[in-house]
Amino acid sequence: MISDRVTGGLVIRTALPLEAETIADLHVRARSTYYPGGLPQGDIDWGEAWRGSITRPDGHVLCAVVQGRIVGIASFRTAEGAPADTVKLFQFHVDPGHWRAGIGRALHAACVEQWQADRKRTATLDVHTDNLRAQAFYARLGWAPDPENPPEEGDHHLYLRYAVAGRADGAATGRAEAAGE
């Protein structure tokens, strides 16, 4: 498991339960940028939800830290009923004030590194249809529409899939670097 991964001034590490409120604040700031009508599920205690994700024994929450401040988060685990070699990226957010600084690319690379260590072959995620920025980011990293979950009329999310196997050579990060992410 990744405990600390240092790249320049950026540290990517496992999140701590006491950081749940800070992570929840970042989560809300990032999601607020692409929900046109405001955040859904406004009555959820996001701090408690994140604390549950961080302490969940079958999941991982990674955070990207710059100068002691959490600026990115990723949460993933094998979803209930999914094959054991498949992981779902449930949350992936970078603080809007730190977009286009390479944090998302580095955080994604750390996720892939963990998926490889956990012997995952496939990763899945769903992304909001209004979040075109995230869709372009994921496409640059090699994510593609999930053929097992095509969008249906009225869906607010697109389902994407990523082939984890064979990514140890840096191919996933090389494309993103070339794209200027």
Side-chain angles (χ1 to χ4, degrees), residues 1-80 87-118 120 123-138 140-141 143 156-157 160 162 172-173 176 181:
M1 183 161 136
I2 293 175
S3 56
D4 284 335
R5 183 178 205 256
V6 181
T7 306
L10 174 67
V11 175
I12 297 177
R13 62 170 173 76
T14 301
L16 303 171
L18 61 90
E19 296 171 317
E21 292 298 330
T22 300
I23 290 170
D25 289 343
L26 185 154
H27 171 201
V28 169
R29 279 194 312 280
R31 287 184 72 188
S32 295
T33 63
Y34 61 86
Y35 275 109
L39 276 179
Q41 304 165 320
D43 58 341
I44 290 179
D45 181 344
W46 289 109
E48 188 57 35
W50 274 102
R51 199 169 352 280
S53 293
I54 293 167
T55 60
R56 188 179 178 120
D58 64 340
H60 296 278
V61 177
L62 301 180
C63 58
V65 181
V66 173
Q67 297 179 341
R69 183 167 177 246
I70 295 174
V71 296
I73 50 175
S75 173
F76 54 89
R77 65 180 166 79
T78 297
E80 192 173 317
V87 63
K88 181 168 183 178
L89 183 59
F90 282 94
Q91 300 286 340
F92 190 96
H93 304 289
V94 172
D95 188 306
H98 288 83
W99 285 351
R100 306 285 312 156
I103 292 165
R105 177 178 29 88
L107 186 57
H108 184 270
C111 290
V112 172
E113 182 180 312
Q114 185 64 53
W115 299 338
Q116 290 170 335
D118 292 343
K120 302 300 182 184
T124 62
L125 65 77
D126 52 275
V127 60
H128 198 274
T129 55
D130 290 329
N131 194 347
L132 301 178
R133 184 178 212 301
Q135 291 174 43
F137 170 77
Y138 292 125
R140 285 191 301 273
L141 292 173
W143 291 79
H156 296 286
H157 289 88
L160 304 179
Y162 180 85
T173 57
E181 187 59 31

*Determine, step by step, whether Val61 and Glu19 satisfy the side-chain contact (heavy atoms from CB on, under 4.5 Å) criterion, reporting the C-alpha distance in whole Å, the side-chain angles of both residues, the deciding distance to 0.1 Å, and the verdict.*
CA-CA 11 Å; Val61 177; Glu19 296 171 317; over 6 Å; no

*From CA spacing to verdict: side-chain contact (heavy atoms from CB on, under 4.5 Å), Val65, Arg13*: CA-CA 8 Å; Val65 181; Arg13 62 170 173 76; 3.8 Å; yes

_The test is side-chain contact (heavy atoms from CB on, under 4.5 Å); show your working for Tyr138 and Leu89 and say whether it passes._
CA-CA 12 Å; Tyr138 292 125; Leu89 183 59; 4.3 Å; yes

*Give the intermediate values and the outcome of side-chain contact (heavy atoms from CB on, under 4.5 Å) for residues Leu125 and Phe92.*
CA-CA 9 Å; Leu125 65 77; Phe92 190 96; over 6 Å; no

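Using cut-offs of 30° and 60° on the angle between ring planes, the pair His128 and His156 is parallel.
The CD atom of Glu48 sits 8.5 Å away from the CD atom of Glu21 when rounded to the nearest 0.5 Å. Separating the CZ atom in Arg77 from the NZ atom in Lys120 is a distance of 11.0 Å, to the nearest 0.5 Å. Note that NE2 of His60 and CZ of Phe90 are 12.5 Å apart. Values are rounded to the nearest 0.5 Å.
Closest heavy-atom contact between Arg51 and Pro17: NH1-O, 3.6 Å. Residues Ala49 and Ile44 come closest through the heavy atom pair CB-CG2, 4.5 Å. Listed here is the closest heavy atom pair of Phe76 and Cys111: CE2-SG, 3.7 Å. Closest approach of Ala24 and Trp50 over heavy atoms only: CA-CD1, 3.8 Å. The two residues Ala64 and Leu10 make their nearest non-hydrogen contact at CB-CD1, 3.8 Å. The two residues Val94 and Leu26 have their closest heavy-atom pair at C-CD2, 4.3 Å.
Side chain of Asp95 to main chain of Gly97: a donor-acceptor pair is present (N/O by atom type, distance under 3.5 Å, no hydrogens or angles).
At a threshold of 4.5 Å between non-hydrogen side-chain atoms, the residues Val112 and Tyr162 count as touching. The shortest side-chain heavy-atom distance between Val87 and Asp118 does not fall under the 4.5 Å cut-off. Under the 4.5 Å side-chain criterion, counting only non-hydrogen atoms from C-beta, Leu62 is in contact with Thr14.
In this model, no donor atom of one side chain and acceptor atom of the other lie less than 3.5 Å apart for Trp46 and His27.
With sequence neighbours left out, the ring-ring contact (aromatic ring centres under 6.0 Å, His included) criterion links His98 to no other residue.
Residue Lys88 forms a side-chain hydrogen bond (donor to acceptor under 3.5 Å, both in side chains) with just one option from Asp126, Thr124, Thr78, and that option is Asp126.
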